[in-house]
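Contents: one structure, followed by commentary.
Atoms within each ligand, like the ligands themselves, are counted from 1 in listed order.
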Amino acid sequence: MPKPPPLRLGVNVDHVATLRNARAGERPDPVRAALLAIEAGADGITAHLREDRRHIRDEDMARLKAEISKPLNFEMAATPDMLKIALATKPHAVCLVPERREELTTEGGLDVVGQHNALAPFIATLNDAGVRVSLFIAAEPRQIETAAKLRAPVIEIHTGAWCDAVVDGHAAKAEAEWQRIVAGAALAHSAGLEVQAGHGLDYVTAEKIASLPEVVELNIGYYMIGEALFVGLGETVRAMRAAMDRGRGKLVSRDHAGQNLTGRA
Ligand code: PXP
């Protein structure tokens, strides 16, 4: 039976820091959450050092790099200040994201087509420093083709619009967004890019996207930290892992028989 590539779970700890910052103190500690998530089965930790430092702080990023045993994925905007911090931190990966100060979260993908000339030297510097660069983009053919030309080894597909449509019960929109993701993942893979995905994922959408063989990593934060309030972070990581494994299992059935043996879509 052909074995699908493993699917990694990257746990985003930003919102542990959001909670901590509500009282401007030291607790809860995002590094403690990262260590616990790893103990429960996370394959890596993601944190976003925003320009406004609304959740993760500089010292969090330094401590994550020093204290965790799994890869650190450093999300940041493509600015000279962030580049300096990333080069000093030397994380396993840098994920370049768009950032607007007034946004609630990272609302759209990075426009790598429009920013090609600014991004090219930025990516080259990180590549030369041995940091794996990932571009957080929408699953649009022009963005994907430009990402490949920019010599970034990885893209992360922005799943936010799809997840919002699923949660809001907008079936037609959800299906259209899903088809964009399916086609985008296949195009990126054929262009030689490693494909990751993230934003807004929960157990249902993570299980579904796990069935795409090109996707090798999911980065998930907000939903998991929310669930952790009720059942604990370790339990949440294990439940997410189980959802992803169920989705991957459906892929094995399809690959093996050329059809879906589970009888489900
Ligand atoms: N991936 C990227 C690039 C992100 O910017 C975010 C949000 O910080 C996530 C994944 C995680 O999204 P969420 O917190 O909605 O799971």
Worksheet item: Quick one: does Tyr223 get an N or O within less than 3.5 Å of an N or O on ligand 1?
Response: no
Worksheet entry | Per-atom contacts, ligand 1 versus Gly200 - under 4.0 Å to a heavy atom | 12 (O), 13 (P), 15 (O), 16 (O)
Worksheet item: Hey, what's the ring geometry for Tyr203 with Tyr223, parallel, tilted or perpendicular (30° and 60° as the breaks)?
Response: perpendicular
Worksheet item: Is Glu194 salt-bridged to Arg132, cutoff N-O under 4.0 Å?
Response: yes
Worksheet item: Would you find a donor on one side and an acceptor on the other, under 3.5 Å apart, between the side chain of Thr159 and the backbone of Ala197?
Response: no
Worksheet item: Counting both backbone and side chain atoms, is some N or O of Gly221 under 3.5 Å from an N or O of ligand 1?
Response: yes
Worksheet entry | Per-residue contact class, Phe136 against ligand 1 - non-hydrogen pairs under 4.0 Å | side chain
Worksheet item: Judging by distance only, is a nitrogen or oxygen of Tyr222 under 3.5 angstrom from one on ligand 1?
Response: yes
Worksheet item: Which bit of His158 gets closer than 4.0 Å to ligand 1, counting heavy atoms only: side chain, backbone, both or neither?
Response: neither
Worksheet entry | Salt-bridge present (Glu145, Lys149; N to O < 4.0 Å) | no
Item to complete: Any chance you could lay out the side chain to side chain contact (heavy atoms under 4.5 Å, CB included) test for Ile38 and Ile45, step after step, and finish with the verdict?
Response: CA-CA 8 Å; Ile38 289 169; Ile45 297 298; 3.8 Å; yes
Worksheet item: How about Arg32: does its CZ atom have over 12 heavy atoms from other parts shown lying under 6.0 Å from it?
Response: no
Practice prompt. Check Met224 against ligand 1 and report side chain, backbone, both or neither, counting heavy atoms closer than 4.0 Å.
Written response: neither
Worksheet entry | salt_bridge(Asp29, Arg20) N-O dist < 4.0 Å | no
Response to the item:
Within the 4.0 Å heavy-atom cut-off, what Asp14 brings close to ligand 1 is side chain
Item to complete: Would you mind running through ligand 1 and noting each atom that sits below 4.0 Å from a heavy atom of Asn219?
Response: 10 (C), 11 (C)
Practice prompt. Give yes or no for whether the N/O distance cutoff of 3.5 Å, strictly under, is met between Glu156 and ligand 1.
Written response: yes
Practice prompt. Show which atoms of ligand 1 fall inside a sub-4.0 Å distance from at least one heavy-atom site of Val97.
Written response: 3 (C)
Discussion item. With nothing but distance in play, are any N or O atoms of Gly198 less than 3.5 Å from an N or O of ligand 1?
Written reply: no
Item to complete: Look only at the side chain of Asp52 and the backbone of Arg54, and say whether a donor-acceptor pair between them is shorter than 3.5 Å.
Response: yes
